[in-house]
Amino acid sequence: MPELPEVETVVRELRPRLVGRRLVAVQVSPLRLRQKWSRRWGPLLVGRRVQAVRRRGKWIIVDLDHDRHLLLHLGMTGQLTIARTQQPVARHTHWIATLNSGREQLRYRDIRRFGSAAFLPSAARLAGFFHKAQLGPEPFDLDQGYWFASLARTRRCLKAALLDQRLVAGVGNIYADEALFEARLFPGQLGIRTNRAQAERLRQAIARVLNRAIERRGSSIRNYIGASGRQGDYQREFRVYGQTGKPCPRCRAPIRRLRLAGRSTHFCPRCQPATPARASAGRPL
DNA sequence: ATAGGCGCCTGCTGGC
DNA sequence: TGCCAGCAGGCGCCTA
């Protein structure tokens with residue numbers, strides 16, 4: 001569920017409430033996540049003070065003192081919230097860390113359990129983790145030349161390329177569709193058929209769409225909430241995602257849906273034509 | 001090496 | 001009302 005804007009929102013809301021606090025107790029449920037939460041992590045976390053909360057792609061990084069690092073991924077339905085200790089614990093809560101006042105807790109809830117967690121005992125191991133994952137650049141740091149070359153070298157369609165975290169980190173199904181609409185590119189267009197002007201439109205569209213979504217604190221369709229429990233608002237501004245059959249906000253043609261890279265894909269057949277119009281194909285950069 | 005398909009989980013919706 | 005298919009913000013593993 002959560003893509004970059006949702007994860008960024010969680011991190012921004014978590015930061016002021018977590019940095020400087022100490023974890024004094026950790027409770028774990030027996031249900032396993034995608035990457036099992038190890039029993040050995042509890043004692044390693046207890047007593048540690050949070051030094052920073054950061055994001056890399058869709059990963060949340062909690063930096064602790066003693067050079068310890070907790071990595072969290074929210075999968076499809078993950079929720080990471082700060083709750084008052086006396087608040088009832090919601091079903092599907094998988095682990096709870098009590099903060100040093102004793103009055104508040106950091107809680108991880110994940111209905112479908114596609115989320116994962118990792119504990120890294122040093123900065124070097126943390127770097128190694130992301131190196132192994134081959135996580136691509138942040139979408140706001142995309143180099144023009146890198147981006148065009150990356151698209152031009154793949155035989156997959158643009159939608160599949162956007163979802164590949166090795167090419168660019170943080171884009172998921174919603175924002176891939178929204179960015180392709182913004183860039184007026186057909187999601188099924190092959191990467192190798194992409195010219196420099198199109199790649200550049202897409203590069204800028206990705207950053208614009210993600211920034212707008214962050215301003216709205218992400219999108220809440222069914223499960224997503226920020227660290228404070230508040231929902232996002234960006235779902236109200238979707239132009240194609242989940243808008244099948246509704247008129248395109250630009251040209252009024254009905255939004256269509258198809259399956260690409262195994263994922264539901266939404267686009268405007270007129271604004272994002274499979275074959276680019278002659279006029280735009282011949283236009284200089 | 002690369003690309004597509006499936007499976008992991010739970011919950012909700014719509015059609016019969 | 002009940003049942004069943006299809007769907008869902010992700011990603012790792014397997015196969016060709």
Side-chain angles (χ1 to χ4, degrees), chain A residues 1-11 29-37 55-60 71-80 90-94 108-118 129-130 132-136 139 150-180 187-193 206 209-210 212-214 216-226 231-245 257-266:
Chain A
M1 99 156 134
E3 305 181 32
L4 188 150
E6 291 75 35
V7 177
E8 178 65 27
T9 302
V10 169
V11 164
S29 96
L31 287 177
R32 56 170 298 162
L33 299 173
R34 182 171 197 66
Q35 219 162 328
K36 191 178 172 145
W37 179 278
R55 179 191 60 74
R56 175 78 175 91
K58 297 175 195 172
W59 286 93
I60 295 165
L71 272 180
L72 301 163
H73 196 293
L74 303 180
M76 287 279 261
T77 52
Q79 301 172 344
L80 193 60
R91 188 166 140 79
H92 303 300
T93 297
H94 296 109
Y108 183 84
R109 175 171 189 251
D110 186 355
I111 297 168
R112 292 175 72 182
R113 283 188 275 138
F114 289 168
S116 59
F129 179 94
F130 286 120
K132 192 177 169 194
Q134 297 180 268
L135 202 59
S150 301
L151 295 180
R153 112 163 52 92
T154 184
R155 304 195 64 84
R156 297 133 93 199
C157 63
L158 295 176
K159 174 66 181 272
L162 282 174
L163 295 178
D164 186 345
Q165 302 298 297
R166 295 171 302 183
L167 289 197
V168 57
V171 179
N173 206 37
I174 291 178
Y175 301 107
D177 284 6
E178 294 293 317
L180 285 163
Q189 177 177 318
L190 295 187
I192 47 167
R193 301 289 305 277
I206 294 166
V209 164
L210 293 177
R212 282 202 296 262
I214 291 169
R216 298 282 176 270
R217 303 180 327 282
S219 308
S220 291
I221 299 171
R222 44 183 75 79
N223 296 300
Y224 171 73
I225 51 171
Q231 296 195 332
D233 283 332
Y234 195 68
Q235 67 281 359
R236 298 190 205 151
E237 297 180 32
F238 287 166
R239 295 189 283 180
V240 287
Y241 184 84
Q243 309 301 304
T244 313
R257 174 170 167 265
L258 53 83
R259 199 144 202 94
L260 283 177
R263 312 296 298 279
S264 185
T265 301
H266 314 75

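Here the structure is a predicted model, which means the values were calculated and not measured. Chain A is the first sequence line, chain B the second, and so forth, proteins listed ahead of strands; every chain is numbered from 1.
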Distance-only polar pair, side chains of A:Tyr234 and A:Ser220, donor-acceptor under 3.5 Å: no
Rounded distance (Å) that lies between atom P of B:dT10 and atom CD of A:Gln79: 16 Å
Sugar-phosphate, base or nothing in reach of A:Ile111, heavy atoms under 4.0 Å: sugar-phosphate
Between B:dA1 (P) and A:Gln134 (CD): distance, integer Å: 10 Å
Separation between the P atoms of C:dC14 and B:dC9, rounded to whole Å: 15 Å
Rounded distance (Å) that lies between atom C1' of C:dG10 and atom CG of A:Leu74: 11 Å
Between A:Tyr224 and A:Gln235: side-chain donor-acceptor atoms closer than 3.5 Å: no
Letter per nucleotide, 5' to 3', of nucleotides 3-8 of chain B [B base touched, S only sugar-phosphate touched, - untouched; heavy atoms, 4.0 Å]: SS--BB
Contact under 4.0 Å: A:Thr77 side-chain N or O vs C:dA8 OP1/OP2: no
Check: A:Gly115 main-chain N/O paired with A:Asp110 side-chain donor or acceptor under 3.5 Å: yes
Separation of atom CZ in A:Arg109 from atom C1' in B:dG11, rounded to whole Å: 11 Å
Gap between atoms CD and C1', on A:Gln165 and C:dG10 respectively (whole Å): 8 Å
Sugar-phosphate, base or nothing in reach of A:Ser116, heavy atoms under 4.0 Å: nothing
Spacing between A:Tyr241 atom OH and C:dG10 atom C1', to the nearest angstrom: 12 Å
Whole angstrom value for the distance that separates P of B:dC9 from OH of A:Tyr108: 14 Å
Salt-bridge contact A:Arg216-A:Glu237 (side-chain N to carboxylate O under 4.0 Å): yes
Check ion pair A:Asp164-A:Arg156 (N to O, under 4.0 angstrom): yes
side-chain hydrogen bond (donor to acceptor under 3.5 Å, both in side chains) against A:Arg91, all qualifying residues, sequence neighbours excluded: none
Spacing of the P atoms in B:dG5 and C:dC7 (rounded, Å): 15 Å
Check: A:Leu151 main-chain N/O paired with A:Thr154 side-chain donor or acceptor under 3.5 Å: no
Partners meeting ring pair (Phe, Tyr, Trp, His ring centres under 6.0 Å) with A:Phe129 (sequence neighbours left out): A:Trp59
Any residue meeting ring pair (Phe, Tyr, Trp, His ring centres under 6.0 Å) with A:His94, in chain and number order, not counting sequence neighbours: none
Any A:His92 side-chain N or O less than 4.0 Å from OP1/OP2 of B:dG11: yes
Given C:dA8, C:dG10, B:dT10, the nucleotide with the shortest approach to the side chain of A:Arg113: B:dT10
Residues which pass side-chain hydrogen bond (donor to acceptor under 3.5 Å, both in side chains) with A:Thr265, listed by chain and number, not counting sequence neighbours: A:Lys159
Distance in angstrom units between A:Arg222 CZ and B:dC9 C1', rounded: 14 Å
Bracket notation of DNA chain C in which parentheses pair within the strand, [ ] cross earlier pairs, and | pairs with another strand (Watson-Crick or G-U, under 3.5 Å): .|||||||.|||||||
